[in-house]
Participant: 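Before I ask anything, let me first share the structure, which is written out below as structure tokens.
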Amino acid sequence: MGRYFRRKLLIYGLTFVIAVSINFAVPRLMPGDPVARMLTRNSVANLESSEAMRGYFNELFGLDVPLWQQYLNYWAALFRGDLGVSVFAFPSPVSTVVADALPYTLALLLPSILLSWFVGNALGAMAARNKLLDNGALPIGYVLTAVPYMWLAILLAWVGGIILGWFPVAGGYSFALTPAFTWTFIVDLLHHWFLPFLSLFVVALGGWAIGMRNLVIYELESDYSNYLQALGAPNRLVRRYAFRNAVLPQITGLALQLGVVVGGALVTEVVFAYPGLGSLLLNAISSQDFFLLQGILLFIVIGVLVFNFLADVVYVLVDPRTRLGLEGGQS
């Protein structure tokens with residue numbers, strides 16, 4: 001088993017190197033000049049002052065050296081934990097800007113991913129053996145799966161925020177409040193969080209329910225289920241084995257869907273002007289902030305790789321066949 005995880009860590013390490021290299025290249029392939037954008041934003045009209053400031057900012061951001069040296073400097077700074085200085089939030093470090101927005105994104109992603117997975121799998125398993133629930137849940141599940149994150153977010157903001165007036169449609173908390181660990185602020189925070197969370201949860205729920213329903217039906221019709229029933233095993237026992245086997249592909253699917261869910265979360269944050277990485281990413285692109293864009297994408301890459309590795313670990317723990325195979329491969 002140790003050899004298996006060492007091989008996995010090597011694969012993830014190579015993936016990280018490739019992803020970080022692409023992360024370095026993509027912003028520099030974008031049209032525009034971040035230093036020129038800063039000078040325009042600060043309304044520097046004098047030519048002599050403009051050239052002096054351009055030289056200062058190019059040196060500050062490390063853009064005064066060849067591209068290959070910028071790449072090596074980027075890796076060296078990365079190992080020091082230095083992500084550079086943000087153009088959009090100058091002179092704040094990128095790590096500080098990203099760290100301020102990251103808790104909002106995690107507060108959306110983790111509950112929506114985990115709850116939709118658990119609830120969707122439970123509903124799908126029940127629909128596989130309940131015809132009434134199956135006839136109602138299956139069409140709804142297909143509709144929810146086909147709904148884009150952004151479309152549902154706009155619909156929820158319009159209905160829940162504008163028509164009904166139950167929830168705010170923008171921001172992470174009321175501007176009249178100061179962030180503090182008080183019940184008033186926490187309740188207001190949850191009030192702003194609910195609609196973005198609901199849009200992510202609902203879209204993901206349908207896909208998990210449909211997948212689990214189909215997998216459970218397949219397992220209930222397999223040879224081992226028929227054999228157990230022929231032996232007189234209780235239906236509850238057969239269904240339990242069917243569920244345990246059906247949930248294994250769902251664990252793999254959870255890891256594969258992380259990138260899609262992260263993308264959906266970023267779009268949802270833009271719709272609700274939620275102060276997470278999505279809104280920050282939009283500001284970084286509009287400001288041509290290479291360094292902030294690199295920092296945001298780096299956190300996304302690390303998050304996806306970590307969650308995929310955890311899914312591999314969980315898969316080994318819950319699937320006895322995988323453990324036996326690993327032990328047999330090492331003997």
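Reckoned from all heavy atoms, side chains included, excluding hydrogens, waters and symmetry mates. Along the sequence shown, the residues carry numbers beginning at 1.
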Participant: List the atom of Gly161, the atom of Leu195, and the distance in Å for their closest heavy-atom pair.
Facilitator: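 Heavy atoms of Gly161 and Leu195 come nearest at N-CD1, 4.3 Å.
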Participant: Can you tell me if Ser225 uses its side chain to pair, donor with acceptor, with the backbone of Glu219 under 3.5 Å?
Facilitator: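 Pair found, side chain donor or acceptor close to backbone of Glu219.
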Participant: Would you say the side chain of Ile18 lies within less than 4.5 Å of the side chain of Ile22, judging by non-hydrogen atoms?
Facilitator: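 They are in side-chain contact.
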Participant: Any heavy-atom pair between the side chains of Arg213 and Ile210 that's under 4.5 Å?
Facilitator: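 They are not in side-chain contact.
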Participant: Please determine whether residues Leu198 and Ile163 belong to a single hydrophobic cluster, defined as Ile, Leu, Val, Met, Phe, Trp and Tyr linked transitively by side-chain heavy-atom distances below 4.5 Å.
Facilitator: yes
Participant: Any side-chain to backbone donor/acceptor pair from Trp117 onto Gln250? Under 3.5 Å, distance only.
Facilitator: yes
Participant: Between the main-chain N or O of Leu277 and the side-chain N or O of Glu269, is there a donor-acceptor pair closer than 3.5 Å?
Facilitator: yes
Participant: Asn23 side chain to Gln294 main-chain N or O, any donor-acceptor pair under 3.5 Å?
Facilitator: yes
Participant: If Ile, Leu, Val, Met, Phe, Trp and Tyr residues are connected whenever their side-chain heavy atoms lie under 4.5 Å apart, and connections chain through other members, are Val202 and Leu156 in the same group?
Facilitator: yes
Participant: With a 4.5 Å cut-off on side-chain heavy-atom distances among I, L, V, M, F, W and Y, is there a chain of contacts connecting Ile113 to Leu102?
Facilitator: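 Yes.
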Participant: Do Leu305 and Thr15 have side chains that approach each other closer than 4.5 Å (heavy atoms only, starting at C-beta)?
Facilitator: yes
Participant: Testing the basics here: between Gly172 and Tyr104, what is the closest heavy-atom pair and its distance to 0.1 Å?
Facilitator: CA-CE2, 4.4 Å
Participant: Which heavy atom in Gly295 sits nearest to a heavy atom in Leu83, and how many Å separate them?
Facilitator: CA-CD1, 4.3 Å
Participant: Answer yes or no: are there more than 12 heavy-atom neighbours, outside Tyr12 itself, under 6.0 Å from its atom OH?
Facilitator: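 Yes, enclosed.
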Participant: State yes or no: do Val271 and Val159 share one hydrophobic cluster built from I, L, V, M, F, W and Y residues joined by side-chain heavy-atom distances below 4.5 Å, directly or via other members?
Facilitator: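 Yes, Val271 and Val159 fall within the same hydrophobic cluster.
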Participant: Is there a side-chain contact (heavy atoms from CB on, under 4.5 Å) between Ile302 and Phe16 once you walk through the steps?
Facilitator: CA-CA 8 Å; Ile302 292 174; Phe16 176 75; 3.8 Å; yes
Participant: Compute whether any side-chain donor of one residue and acceptor of the other, for Thr105 and Tyr274, lie under 3.5 angstrom apart.
Facilitator: no
Participant: Have a look at Leu298 and tell me which of Val20, Val98, Leu293, Val94 forms a side-chain contact (heavy atoms from CB on, under 4.5 Å) with it.
Facilitator: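 So, applying the side-chain contact (heavy atoms from CB on, under 4.5 Å) to Leu298 and each of Val20, Val98, Leu293, Val94, only Val20 qualifies.
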Participant: Would you call the rings of Trp75 and Tyr71 parallel, tilted or perpendicular if under 30° counts as parallel and over 60° as perpendicular?
Facilitator: perpendicular
Participant: Which residue is it: Phe167, Phe272, Phe201, Trp166? I am looking for the one with a ring pair (Phe, Tyr, Trp, His ring centres under 6.0 Å) to Phe194.
Facilitator: Phe167
Participant: Check Phe24, Phe290, Phe291 against Tyr74 for a ring pair (Phe, Tyr, Trp, His ring centres under 6.0 Å) and give me the one that passes.
Facilitator: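 The ring pair (Phe, Tyr, Trp, His ring centres under 6.0 Å) with Tyr74 is passed solely by Phe24 among Phe24, Phe290, Phe291.
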Participant: Using atom types as modelled and distance alone, determine if a side-chain donor or acceptor of Ser279 lies under 3.5 Å from a backbone N or O of Gly276.
Facilitator: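 Not at all, since once roles are kept as given, no pair shorter than 3.5 Å links the two residues.
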